[in-house]
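Here is the structure we will look at, set down as structure tokens.
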Number of protein chains: 2
Amino acid sequence: MSEAISNLSRKEQVIRKAAELFKEKGYAAASMRDLAHLLGIEAASLYSHIKSKEEILRSLCFDMAAEFQKSLAEVESKKDISASEKLRNGIIGHIQVMAKDLTASAVFMNEHRHLSQPYLRDFLLMRINYINRFKSIIEQGVQTKEFKDSIDKKLAVMTLFSSLNWMPMWYDPDSAIDPSQLGFQLADMLVNGLKKND
Amino acid sequence: MSEAISNLSRKEQVIRKAAELFKEKGYAAASMRDLAHLLGIEAASLYSHIKSKEEILRSLCFDMAAEFQKSLAEVESKKDISASEKLRNGIIGHIQVMAKDLTASAVFMNEHRHLSQPYLRDFLLMRINYINRFKSIIEQGVQTKEFKDSIDKKLAVMTLFSSLNWMPMWYDPDSAIDPSQLGFQLADMLVNGLKKND
DNA sequence: CCTACCGATCGGTAGG
DNA sequence: CCTACCGATCGGTAGG
């Protein structure tokens with residue numbers, strides 16, 4: 001049993017180190033020999049922990065996707081809150097999920113396209129579903145006249161989604177601003193804009 | 001002379017087709033044999049038009065960078081306009097440059113990291129310079145009290161930059177909204193926000 | 001976790 | 001633009 005536990009945690013180590021490597025070099029340019037070297041073992045030894053290179057990518061992408069789904073579902077379950085508050089909570093949730101693992105988040109965003117079928121298809125369906133649920137929040141805000149109806153909704157939701165997903169590329173976890181503040185400020189910026197309103 | 005012209009245009013064909021391939025599969029996963037096959041020639045024949053695979057990536061990345069620089073320099077040269085107008089013009093310019101070649105824009109954004117040194121270093125220096133010039137416009141707006149000073153400027157500029165750079169991933173050139181309208185709306189969204197202000 | 005190895009594929013060159 | 005080819009490297013397996 002302690003053997004099973006130690007195998008599990010070794011597998012976790014392999015996956016986490018792979019995430020760093022995939023983020024840095026990109027999935028296609030990262031070799032299993034690179035990964036093995038980082039772990040101090042031979043390339044062939046990796047295969048006692050994982051089935052294939054793509055299995056690592058799959059677990060990184062789908063584990064992150066599950067976290068994002070969970071976070072958004074929690075926001076949607078709260079009734080009687082305004083669209084802007086829902087949007088704010090969705091943004092804060094998304095950013096907090098990313099902040100828990102910035103490396104895996106970067107892989108999720110940039111490397112998912114190297115998934116083979118049918119995984120790629122499943123992944124893209126989940127992503128479009130996630131985006132559409134944010135779009136619904138924006139549409140709800142337009143209906144309740146909270147948001148202006150002059151805005152292109154696709155543009156609005158893709159702007160939101162772009163901002164969220166690039167965060168792992170530039171956010172420094174040691175900086176003064178913490179993830180929930182960042183989410184709050186991003187929501188404020190999207191809802192109220194840069195302009196001074198007084 | 002007509003030989004030189006036809007060589008030039010053949011080289012252009014190779015580069016444009018490579019851009020499509022790099023966008024679709026990523027630089028590292030795209031092989032020269034794939035590229036040759038798309039052009040209906042043998043892989044070895046590519047090398048009478050280009051020196052190396054990376055030369056193609058370099059010309060795609062640096063040609064786009066030059067276009068972006070040119071566009072922003074023109075905006076900066078206009079005096080006596082407000083920060084929000086400057087920001088709007090910068091955004092519209094950036095989007096118009098991208099719209100002229102969405103494929104090359106996607107490669108510029110996603111594949112530049114496969115540049116080798118010293119090209120990668122030069123590229124990143126140009127990019128940080130470009131971002132900082134947008135940041136200056138935002139800071140100018142804060143100084144003139146056009147923009148609120150509560151916003152994190154790094155967050156603001158990275159949100160802007162993320163939105164701009166993801167556009168080639170989702171924008172459909174056949175859609176109802178044209179590139180300059182898109183730029184106008186994006187600027188409006190960032191400056192005024194989603195909220196109805198009346 | 002290792003040694004020894006596989007077939008496939010890579011970017012690129014020589015020579016025409 | 002082609003044929004013929006190079007050395008290097010790839011993901012992965014067999015067997016211990």
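Just the heavy atoms: all of them, side chains too, but no hydrogens, waters or symmetry mates, feed the values below. Throughout, protein chains are lettered first and strands after them, A, B, ... in sequence-line order, and every chain is numbered starting at 1.
Side-chain atoms of His114(A) and Lys25(B), non-hydrogen and from C-beta on, never get closer than 4.5 Å to each other. Between Met98(A) and His94(A), some side-chain heavy-atom pair lies under the 4.5 Å cut-off. In this structure the side chain of Phe161(B) reaches within 4.5 angstrom of the side chain of Arg127(B), judged on heavy atoms. Looking only at side-chain heavy atoms (C-beta outward), Lys196(A) and Val142(B) stay at 4.5 Å or farther from each other.
With the nearest nucleotide of DNA chain D identified for both Gly40(B) and Lys53(A), Gly40(B) has the one nearer the 5' end.
In this structure, Lys25(B) places its NZ atom 12 Å from C1' of dT9(C), rounding to the nearest Å. The distance from atom CD1 of Ile50(B) to atom P of dC1(D) is 12 Å, rounded to the nearest whole Å. A straight line from CE of Met32(B) to P of dC6(D) spans 21 Å, rounded to a whole angstrom. Rounded to whole Å, the distance from CG on Leu46(A) to P on dG12(D) is 10 Å. Atom CG in Leu57(B) sits roughly 12 Å away from atom P in dG12(C) (whole-Å rounding). If you take CG of Leu35(B) and P of dC1(D), they are 12 Å apart, rounded to a whole angstrom. Per the geometry, CD belonging to Glu55(B) stands 15 Å off P belonging to dG11(C), to the nearest Å. One atom, CG of Leu39(A), and another, C1' of dC2(C), lie 15 Å apart when rounded to the nearest Å.
An OP1 or OP2 oxygen of dC1(C) is reached within less than 4.0 angstrom by a side-chain nitrogen or oxygen of Arg10(A). Between Ser48(B) and the phosphate of dC1(D), there is no side-chain N or O to OP1/OP2 separation shorter than 4.0 Å. Listed pair Ser31(B) / dT9(C) fails the phosphate criterion, with no side-chain N or O lying under 4.0 Å from OP1 or OP2.
Nucleotide dC10(D) is matched to dG7(C) when pairs are restricted to Watson-Crick or G-U wobble geometry with both distances under 3.5 angstrom. Pair assignment for dG16(D): dC1(C), on the basis of Watson-Crick or G-U wobble contacts that are both within less than 3.5 Å.
Closest to the side chain of Ile41(B), from the set dC1(C), dC2(D), dT13(D), is dC2(D). Side-chain atoms of Ser52(A) lie closest to dG12(D) of the nucleotides dT3(C), dC1(C), dG12(D). Between dC1(C), dG12(C), dC2(D), one nucleotide has an atom nearer to the side chain of Tyr47(B) than all others, and that is dG12(C). The side chain of Arg33(A) lies closest to dG11(D) when the candidates are dG11(C), dA4(D), dG11(D). Across dG11(D), dT13(C), dC2(D), the shortest atom-to-atom separation from the side chain of Ser45(B) is found for dC2(D). The nucleotide whose nearest atom lies closest to any side-chain atom of Glu42(A) is, among dG12(D), dA4(D), dT3(C), dT3(C).
Using a 4.0 Å cut-off between a side-chain N of Lys or Arg and a carboxylate O of Asp or Glu, Lys70(B) and Glu74(B) do not qualify as a salt bridge.
Hydrophobic clustering, with ILVMFWY side chains joined whenever heavy atoms are under 4.5 angstrom apart, keeps Leu160(B) apart from Ile81(B).
No contact: Ala29(B) has no heavy atom under 4.0 Å from any strand. Ala30(B) comes within 4.0 angstrom of sugar-phosphate atoms only, judged by non-hydrogen atoms across all strands, and of no base.
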